[in-house]
Structure formats: structure tokens, C-alpha cells
Student: 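Mind looking over this structure? Questions follow.
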Amino acid sequence: MDSRVAIEENSQDSRLSSAYDTAMEALSSLITRQKRGDRSQVGGKYGKLDRMLMYVKILGLEDHLANLKIIHVAGTKGKGSTCTFCEAILRECGFRTGLFTSPHLIDVRERFRLDGLDIAEDKFLHYFWECWNQLKENVTDDLPMPPLFQFLTVLAFKIFSSEKIDVAVFEVGIGGSDDSTNVIKDPVVCGISPLGMDHMETLGDTLGLIASHKAGIFKPQVPAFTVPQLSEAMNVLEERANGLMVPLEVAMPLDCKKLNGFKLSLSGHHQFTNAGLAVALCKCWLQRTGNWEKLFQHASPEEEILPKAFLRGLSTAHLSGRAQIVHDSSLKSLNMSGVNGSSSGDLIFYLDGAHSPESMEACASWFSTAVKENNNTSLFSPSCSKFLTMEGVCGNGSTKLENESNKIFKQILLFNCMDVRDPQILFPTLVDTCASSGTYFSKAIFVPSISKYSKVTSASSAVPLDSLSKDLTWQFNLQRAWEKIIHGKDVSNKSLQMNIAKSFPSRKFIHEDISNCSPTDGHFACSVVVSSLPLTINWLRDSVKENPSLRIQVLVTGSLHLVGDVLKLLRR
């Protein structure tokens, strides 16, 4: 009986997996551009929001969408964290929650959370094919199938309305005024998280233009909250709010005293800004829906200590790939049993998908604090030499701490970003912010991401080892920008071309004395370009397996796609 049940369950899992892969293939067919920055080419005669409204009508969601009690959040950085805090707070208040965010890191179902959990595969497939088939039956030359993000947005409307949730939290994709989510006409409250210079190829090259796009989610007389912004951005937000008679308030960063001993679950000092905005949005949502008085009869929204439900939400909210620390579990068994009679070293990944100057600064600040807490860096041994004028850093770019039996700590940067980003802005922000806290990278590794804009993959999708013939031109450009920061001068194309043939680090690279770095001779001891992310992870693992005294702390940043790829590999 048990064996028959097991066989049936395995068969069912196999069918579900096959159906899910088929859905991923269908989704992939909706991708209209190969990389960020490309202009989507969608046929038909209608604009994006007009098309969105027509898709909503085809799916019979007009009334359902109007009845959803929505929190709508735009911004440059922190909007995903703000939405995640909002969902967790209101779920802890006892409401059925729906959360729509982007992008996903490993599986597209991450974008749709019901009651704090990614939507189950069977539910996803049910709603996916229902939407897909209805839209397919109604497409014309004038109204083609929606591009990927538009389809996922109407799918979220379908899921949340069908699941009869109490509150839906929607994160804007890009911008605001022309974003697919902006068919939301009557939200309960809107939020604008910190604004900065990002997606300039789409939104404009000034903070004022970017703020104008973000403020496009404001609706007449619907309350809105933002955080302290630079005056150029704040002036635009206030002008748009005044024109629509929107009561706009500035939510200050959350005072840690209001946490009453609890800790924010999302790391980094910048999260107090996001948490402060989330608290303001949730209080407003509760008040406007008539629930504040029901839940907190004797509490004032201005009280010093937050309600316990708020505290639980702020201390349990979870968002992958943002200030996330992962200890490589593949080494645990080795440390238990020992390798050649001794345990292996430690490999710790610090993951943050920062890709704008502002988010990179926050990432660097968080990373510096996190490694200090991990290493007790107040107990440095005397400096054995200097690199970038840092005391306590040996000639090979490592630090030794007296309190951990001469443990050697190495901070390594694992980086990629899209070619619409400017590494000459991102790298100085990263290096200078880390340096101001006494954190320095001994090595930098530049790799291409595995994820592609041409395909939607699932968590179970095979991970390619990557071809050695992959075009690494952009990664060598990143290395050139990095080496210029390290050495204070340009590295020639010729030097980089000499390094192409050896674009995988040798065994000694991890320990190589960076004072021997000579880029003009084609010898790079500070950085390396590697064609394969899986091989890079294996190389890092081998390095710590061979040296029990080594602790490698890897900052993975520059791209959420890279972060997602690393998380997927670490789970294998």
C-alpha cells in the first residue's frame, strides 16, 4: 500500500513538474526584449495602459480589481522591502494578504505571495492557464498577447481577486505613471520609497523627471506617504500631490525605540526608512478600512510603542536577495566529519541585488557592518603590510584575528551588472563606503549571469555550466574599471586580452600577494574574469576545503539576476 501511494505521488509530482515547465515555456514566449534597456516592440494600435485595461476586461476583472483594498508602492530603492514589511504587518494583524513584487530570483511564483508564502504550483497553474486561454481566445492584430510583465500583473489581479484576500500590496515595476500596475484606479493608500538615479534610459536623466514618473501612481484625494527626499524630488512629489488634492505626508525613518526590543528582520540601517514608510502605510490602510478601531481600540496611532502585531510583522518579514546572509551548507558535512583529519574553512555569501549608486551605498554599509559582527574585527593583529592604507590587512589582502586561532578572513567581491549601468559610478561608491568602515576586498571576481531575459525558468530548471566561448567583453570592462580604482590608472585592452586565455583563477589566486599585481604585464592578482558562475562557486568551495583556517566572505551584488543564480546554485 505504501509503495503504491509513493508511486502515485511521484507520478503526480512528475506530471505537475512537466505542466509547470510547459507554463514556463509559454511565459518565455511573452518576452519582447533580450535585455534591460531594450525597447519592447509590442504590436497593435493601443498604448500600454489601454491594453492593460482591455486585458482586465477580457478576464472579467474590472469589478474585482475595483474591490481589492490595495496598497500601491513606487520608488527607486526599498519599494520591495516596504511592500514586504506591509504584507507581514497586516498578516500579523489577522488579514488575508496578497503581495505582488518583482523581479523573482529563482522561481516566478515568488512574485505572488498568499498569506506570506509563494503561491503553490497547482494554484499557480490553475490561474495561469485560465488567464492564458482566455487571452489567447481574444487576441487580435490590434490587441496581441501581453508582454511578460503585463501578463504577470493581470495574473496577480486574477489570483488575488479569486483568492478573496483582504489586502493586496502591489510593488510598481518601473516608474509609475506608465507602469502596468497603474491600472489600479482606487487604492486605499499609495507610497513612494526613496528616489534616486536608476532606469534613466526609461525615466529620464534627472531626479525631477524620475520623481514625476513615480508620482504617477497618485490618485485624486487618495492619501499618499513618502520618505525624506532630496528637494528636487520632493518638490515634484508635492506639486503632483497638490494638483490631485492628495494628502501627502512624509514618514520618518522608524525610531528603534518603537520596536520595544524587537529587531527588524531585514538587515541594514536603510531598512529603518523602509520600515517607517511601511508602518505609516499600514496605519493609514487600517484607518481607512475601519479596522484600526476594531483591532486597537485603546491605542493611538501616535503611541511610542508599536502594536504587537506590527512588531511581529517587522521582525519576521522576509525578502530574498536583499541583505541576505547564506552560509554554504555544502561544507557542513565536511566540518562535521573532517577533511584529512581536519575541518574545512568557512564560506559565507552576503547577497544584495544593489544596482544603483544609492542602493550600492546601502549595500556596502550593510556588508561592512555584517562582516565586522561576524569577525569581531576589533581584535586585529598588528599589520603585516598595507593595501589601500588599511591597517591589519596582510600583503595578500587578508586579515588575521587573534581571537579565532589565527583565522584568515578574506572579503571577496563577486560582481556583474547590466551594461546600462555605469561601473565607474558603482565601484567608487562600493569601495569608498566599505573603506570608511575599515572593510576592503582582497579579490574581485567578475562573472556573467546565468539567467537570461529570453527565458523564464523554474526552481527545478537545469543549471548550465556555461560555455567557455561566452562573450566576456562586458566582464572585462568591469575588471578594467575595478583595476583602475585599485591602481589609480587605466589598464590597457592588451593587458586584458592577455588574461582571456587564463580566465579562471589558479589554486594560488586566493592567497596570492596583491603587491605582486602587475596589470601592465597581464598579471592580475586583485581581480579575475571567470566565464562560469557554477565553476566559480566550486572554486570557492575547493579553496576553503583545502584550508581550515580560511573564512571567505563573498559579497554578491550588482544584479538581482546574479543573486538569484547564486541562490539557486547554493540550494543544489
Side-chain angles (χ1 to χ4, degrees), residues 15-34 38-68 70 72 98-104 107-114 118-165 168 170-175 177-186 452-458:
R15 286 195 300 272
L16 195 60
S17 176
S18 176
Y20 196 68
D21 288 339
T22 302
M24 294 305 100
E25 290 294 331
L27 269 180
S28 297
S29 72
L30 300 180
I31 296 175
T32 55
R33 54 185 181 176
Q34 295 302 304
D38 289 350
R39 291 288 183 181
S40 298
Q41 297 298 321
V42 181
K45 65 179 183 180
Y46 302 106
K48 180 195 287 187
L49 294 185
D50 289 333
R51 287 198 309 271
M52 283 294 297
L53 289 171
M54 296 173 79
Y55 298 139
V56 167
K57 186 174 183 179
I58 289 171
L59 296 174
L61 295 174
E62 291 172 295
D63 292 340
H64 296 290
L65 180 56
N67 290 329
L68 284 176
I70 293 173
H72 199 192
L99 173 64
F100 178 67
T101 58
S102 61
H104 63 273
D107 195 295
V108 72
R109 292 182 294 111
E110 297 167 25
R111 297 176 184 242
F112 313 90
R113 284 199 208 173
L114 296 171
D118 299 348
I119 186 171
E121 266 195 27
D122 55 347
K123 274 191 178 182
F124 175 85
L125 289 172
H126 170 75
Y127 293 123
F128 173 84
W129 289 116
E130 196 170 330
C131 288
W132 181 274
N133 292 332
Q134 281 185 265
L135 290 173
K136 270 290 187 184
E137 290 170 3
N138 288 274
V139 295
T140 64
D141 290 340
D142 290 335
L143 184 69
M145 282 292 283
L148 179 64
F149 187 73
Q150 293 178 42
F151 182 89
L152 295 176
T153 303
V154 294
L155 178 58
F157 296 151
K158 175 69 175 180
I159 291 170
F160 295 160
S161 59
S162 299
E163 290 292 316
K164 296 181 170 49
I165 59 165
F170 276 86
E171 176 191 359
V172 167
I174 295 177
S177 55
D178 198 38
D179 186 72
S180 299
T181 63
N182 209 29
V183 292
I184 296 169
K185 295 303 181 187
D186 191 24
K452 302 295 178 190
Y453 283 95
S454 59
K455 187 172 179 60
V456 181
T457 58
S458 68

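Side chains included, hydrogens not; waters and symmetry mates left out as well; all remaining heavy atoms used. Every value quoted in this text rests on a predicted model; they were computed, and no experiment measured them.
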Student: I need the Trp129 CH2 to Lys136 NZ distance, nearest 0.5 Å.
Tutor: 10.0 Å
Student: Looking only at non-hydrogen atoms, find the nearest pair between Gly173 and Ser102 and report the distance.
Tutor: CA-OG, 4.2 Å
Student: Rounded to the nearest 0.5 Å, what's the gap from CG on Asn138 to CG on Leu143? Could you check?
Tutor: 8.5 Å
Student: For a quick test of reading the model, state the closest non-hydrogen atom pair linking Val183 to Leu49 and the distance between them.
Tutor: CG1-O, 3.9 Å
Student: Can you measure from OG (Ser162) to CG (Leu61) and round to the nearest 0.5 angstrom?
Tutor: 7.0 Å
Student: I need the minimum non-hydrogen distance between Leu30 and Pro146, along with the two atoms involved.
Tutor: CD2-O, 3.4 Å
Student: With a sphere of 6.0 Å drawn around NZ of Lys185, does it hold more than 12 non-hydrogen atoms of other residues, nucleotides or ligands?
Tutor: yes
Student: Please report the closest heavy-atom contact between His72 and Asn182, naming both atoms and the distance.
Tutor: CE1-OD1, 3.9 Å
Student: For residues Met54 and Arg51, determine if any side-chain heavy atom of one lies less than 4.5 Å from a side-chain heavy atom of the other.
Tutor: no
Student: Please examine the side chains of Leu155 and Trp132, heavy atoms only from C-beta on, and report whether any two atoms are closer than 4.5 Å.
Tutor: no
Student: Hey, which of Val154, Thr153, Val139 is the one that makes side chain to side chain contact (heavy atoms under 4.5 Å, CB included) with Tyr55?
Tutor: Val154
Student: Identify the heavy atoms of Ile58 and Gln134 that sit nearest to each other, and give their distance.
Tutor: O-NE2, 3.5 Å
Student: Testing the basics here: between His64 and Ser161, what is the closest heavy-atom pair and its distance to 0.1 Å?
Tutor: CB-CB, 3.5 Å
Student: I'd like to check Pro103 versus Arg111 (side-chain heavy atoms, cut-off strictly below 4.5 Å). Are they in contact?
Tutor: yes
Student: Less than 3.5 Å apart, any donor N or O on the side chain of Thr140 or Asp142 sitting next to an acceptor on the other?
Tutor: no
Student: If you count the non-hydrogen atoms of other residues, nucleotides and ligands that lie under 6.0 Å from CG in Asp63, is the total more than 12?
Tutor: no
Student: Out of curiosity, Phe128 CZ to Lys158 NZ, how far, rounded to the nearest 0.5 Å?
Tutor: 14.0 Å
Student: Which value, rounded to the nearest 0.5 Å, describes the distance between Ile70 atom CD1 and Ile165 atom CD1?
Tutor: 8.0 Å
Student: Among residues at least two apart in sequence or on other chains, which ones pass ring pair (Phe, Tyr, Trp, His ring centres under 6.0 Å) with Phe170?
Tutor: Phe100, Phe157, Phe160
Student: To the nearest 0.5 Å, how far apart are CZ in Phe112 and NZ in Lys123?
Tutor: 14.0 Å
Student: Against Leu148, only a single residue in Val108, Leu27, Thr32 fulfils side chain to side chain contact (heavy atoms under 4.5 Å, CB included); can you say which?
Tutor: Leu27
